[in-house]
Number of protein chains: 2
Amino acid sequence: MAPTASVAPVRDTRQRRAIRLAFEEAERPLSTEQLHAVASRESRGLGLATVYRSIKSLVDEGWLEVIDIPGHGAFYERAGKEHHHHFACENCSEVTDLDGCSSEVRVRLPRGYRARGHDVTIFGTCSRCAEKRRPPTRRGR
Amino acid sequence: MAPTASVAPVRDTRQRRAIRLAFEEAERPLSTEQLHAVASRESRGLGLATVYRSIKSLVDEGWLEVIDIPGHGAFYERAGKEHHHHFACENCSEVTDLDGCSSEVRVRLPRGYRARGHDVTIFGTCSRCAEKRRPPTRRGR
DNA sequence: TTCATAGTGAGAAAGAATTCTCATTATCAT
DNA sequence: ATGATAATGAGAATTCTTTCTCACTATGAA
């Protein structure tokens, strides 16, 4: 049996610093696209492949967490935050962290089912979009 | 301006009957793959293109509703059900409807944000999978 | 029954998201 | 400073899902 996990050597590159910085400064989850845009400002010419590679290793080493936003794909955020939920703007697709988990998700499960966790996403319009446009009509998909 | 919406003529074919039947008999949301498998039993040789075409028209005419299960893609179920949430088995990917919406999703939103709805997905192990395997280790993705 | 045409199946094609390849560059232990 | 090699960027390639094309079939109004 192989020794528990060969921690791949990781060099502290400009690109990876930019990527970690992006998450540290962002006060919200980022999609790969958003991350690429933000981190590119810090590290010009940042390649998309590097973004994916870095995300993967950061997730593996437990520094990042993946969250799936229904209808908007994968987003990433610093791991270890307190349990919370997300708000997704149907208009601009920005995802925001919401405080706490007030929702006492006390759902009755069928016999034999066992829950391990839950995902809650509130969707609607963020303040920025609400200002511009009046109530959106249909759900963005 | 064109007359409000030319309701495309819809013929009552064996394939579409099989697809509607699949949803009527299924007591849970189905993915395209699952639908294809189930409806194929009723209508042998059912093509995947027809599955997609039918789903699209059923969604358009409001007979079906799309639900996104984080990490498991799109599922479909009869529209008009009472507000409820879903359980997704991390092991077999089966999605189940849960009764009511006990979760008083009373989350404090940031200033200016307005909610239009919420998605709640409980994930864990369904009874069938719980019987076989003991507590799963990692979250299925 | 007839027949215009909506619907179908099979596979090609299109999209998108992510991964891979590989020549070049940058990191960092020595 | 040197050098072995991890990391990068660009674009090709993959994978997965959904849509399109087209020859053929089946529906249903007449």
Side-chain angles (χ1 to χ4, degrees), chain A residues 5-22 29-61 63-76 88 93 95 140-141, chain B residues 5-22 29-61 63-76 88 93 95 140-141:
Chain A
S6 53
V7 178
V10 175
R11 289 183 181 176
D12 186 32
T13 65
R14 179 166 54 82
Q15 293 79 344
R16 283 208 263 254
R17 273 193 300 276
I19 285 170
R20 278 196 302 268
L21 183 65
L30 301 174
S31 63
T32 49
E33 190 188 355
Q34 294 169 343
L35 172 60
H36 186 210
V38 174
S40 287
R41 294 203 282 268
E42 191 70 22
S43 177
R44 302 238 306 133
L46 177 63
L48 191 51
T50 297
V51 169
Y52 277 104
R53 278 187 290 243
S54 299
I55 284 178
K56 173 172 285 187
S57 68
L58 288 173
V59 168
D60 285 348
E61 69 189 57
W63 196 85
L64 270 187
E65 233 161 57
V66 190
I67 58 182
D68 275 301
I69 300 297
H72 298 275
F75 280 72
Y76 305 86
S93 294
V95 175
R141 248 206 140 274
Chain B
S6 53
V7 178
V10 176
R11 291 183 180 177
D12 186 31
T13 65
R14 180 165 54 82
Q15 293 77 345
R16 282 207 264 253
R17 274 194 299 275
I19 286 171
R20 278 197 303 268
L21 184 65
L30 301 173
S31 63
T32 48
E33 191 187 355
Q34 295 170 342
L35 173 60
H36 187 209
V38 174
S40 287
R41 293 202 284 268
E42 191 70 20
S43 177
R44 302 237 305 132
L46 177 63
L48 190 52
T50 297
V51 168
Y52 277 103
R53 279 187 290 242
S54 299
I55 284 178
K56 173 171 285 186
S57 67
L58 289 173
V59 168
D60 285 347
E61 68 189 57
W63 196 85
L64 271 187
E65 233 161 56
V66 190
I67 58 182
D68 276 302
I69 300 296
H72 298 274
F75 279 71
Y76 305 87
S93 293
V95 175
R141 247 204 141 273

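In what follows, every chain begins at residue 1, and chains take the letters A, B, ... in the order their sequences are listed.
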[X] [atom1] - [N] [atom2] separation (whole Å):
| X | N | atom1 | atom2 | value |
| --- | --- | --- | --- | --- |
| A:L46 | C:dT25 | CG | P | 18 Å |
| B:D12 | D:dA26 | CG | C1' | 12 Å |
| B:L35 | D:dT17 | CG | C1' | 15 Å |
| A:R44 | C:dT25 | CZ | P | 18 Å |
| A:H72 | C:dA16 | NE2 | C1' | 16 Å |
| B:I55 | D:dT19 | CD1 | P | 9 Å |

Rounded to the nearest 0.5 Å, what separation is found between the [atom1] atom of [X] and the [atom2] atom of [Y]?
| X | Y | atom1 | atom2 | result |
| --- | --- | --- | --- | --- |
| B:I69 | A:D68 | CD1 | CG | 11.0 Å |
| B:S40 | B:R44 | OG | CZ | 9.0 Å |
| B:R20 | B:L64 | CZ | CG | 10.0 Å |

### Query
Hey, is the main chain of A:V51 close enough, under 3.5 Å, to the side chain of A:H36 for a donor-acceptor pair?
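No; zero donor-acceptor contacts below 3.5 Å.
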### Any donor-acceptor N/O pair, A:E42 side chain to A:A39 backbone, under 3.5 Å
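Between the backbone of A:A39 and the side chain of A:E42 there is no qualifying donor-acceptor contact (under 3.5 Å).
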### Query
Counting only side-chain N and O atoms of B:T13, is one of them less than 4.0 Å from OP1 or OP2 of D:dT27?
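No, no such contact exists.
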### Task
List for me each residue that meets side chain to side chain contact (heavy atoms under 4.5 Å, CB included) alongside B:R53, sequence neighbours excluded, and say none if there are none.
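Once residues adjacent in sequence are excluded, the partners of B:R53 under the side chain to side chain contact (heavy atoms under 4.5 Å, CB included) criterion are B:A49, B:T50.
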### Query
Which residues pass the side chain to side chain contact (heavy atoms under 4.5 Å, CB included) test with B:E65, sequence neighbours left out?
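Result, side chain to side chain contact (heavy atoms under 4.5 Å, CB included) vs B:E65: B:A79.
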### Query
With a cut-off of 6.0 Å (strictly less than), are more than 12 heavy atoms of other residues, nucleotides or ligands near CD of B:E61?
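Count over threshold, so yes.
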### Side-chain H-bond candidate by donor/acceptor type, B:S54 with B:R16, under 3.5 Å
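On atom types as modelled, these side chains do not qualify, holding no pair under 3.5 Å.
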#### Entry: Residue-level proximity of residues 14-21 of chain B to DNA chain C when a heavy atom falls under 4.0 Å
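B:Q15, B:R16 - these, ordered by number, are the residues of the stretch whose heavy atoms sit under 4.0 Å from the strand.
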### Query
Of all the choices, C:dG9, D:dT27, D:dT5, which nucleotide is nearest to the side chain of B:R11 once you look at every atom?
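So the nucleotide nearest the side chain must be D:dT27.
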### Query
Which residue lies toward the 5' end of DNA chain D, B:E33 or A:T50, if each is placed at its nearest nucleotide?
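With B:E33 and A:T50 compared, the 5'-side residue is A:T50.
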Using a cutoff of under 3.5 Å, can you pull out all pairs of nitrogen or oxygen atoms linking the protein to nucleotides 18-22 of chain C, with atom names and distances?
residue : atom : partner : partner atom : Å
C:dT18  : OP2  : A:Y52   : OH           : 2.6
C:dT19  : OP1  : A:K56   : NZ           : 3.2

### Single hit among A:I19, A:I55, A:L30 for side-chain contact (heavy atoms from CB on, under 4.5 Å) with A:Y76
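Single side-chain contact (heavy atoms from CB on, under 4.5 Å) partner of A:Y76 among A:I19, A:I55, A:L30: A:I55.
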### Message
Rounding to 10°, can you tell me the angle the first-five-pair axis of the helix from C:dT1-D:dA30 to C:dT30-D:dA1 makes with its last-five-pair axis?
### Response
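Computed from the C1' atoms at both ends, the axes differ by 40°.
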### Query
How would you list, by chain and number, every residue that makes a salt bridge (Lys or Arg N to Asp or Glu O under 4.0 Å) with A:R17, sequence neighbours excluded?
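Result, salt bridge (Lys or Arg N to Asp or Glu O under 4.0 Å) vs A:R17: A:D12.
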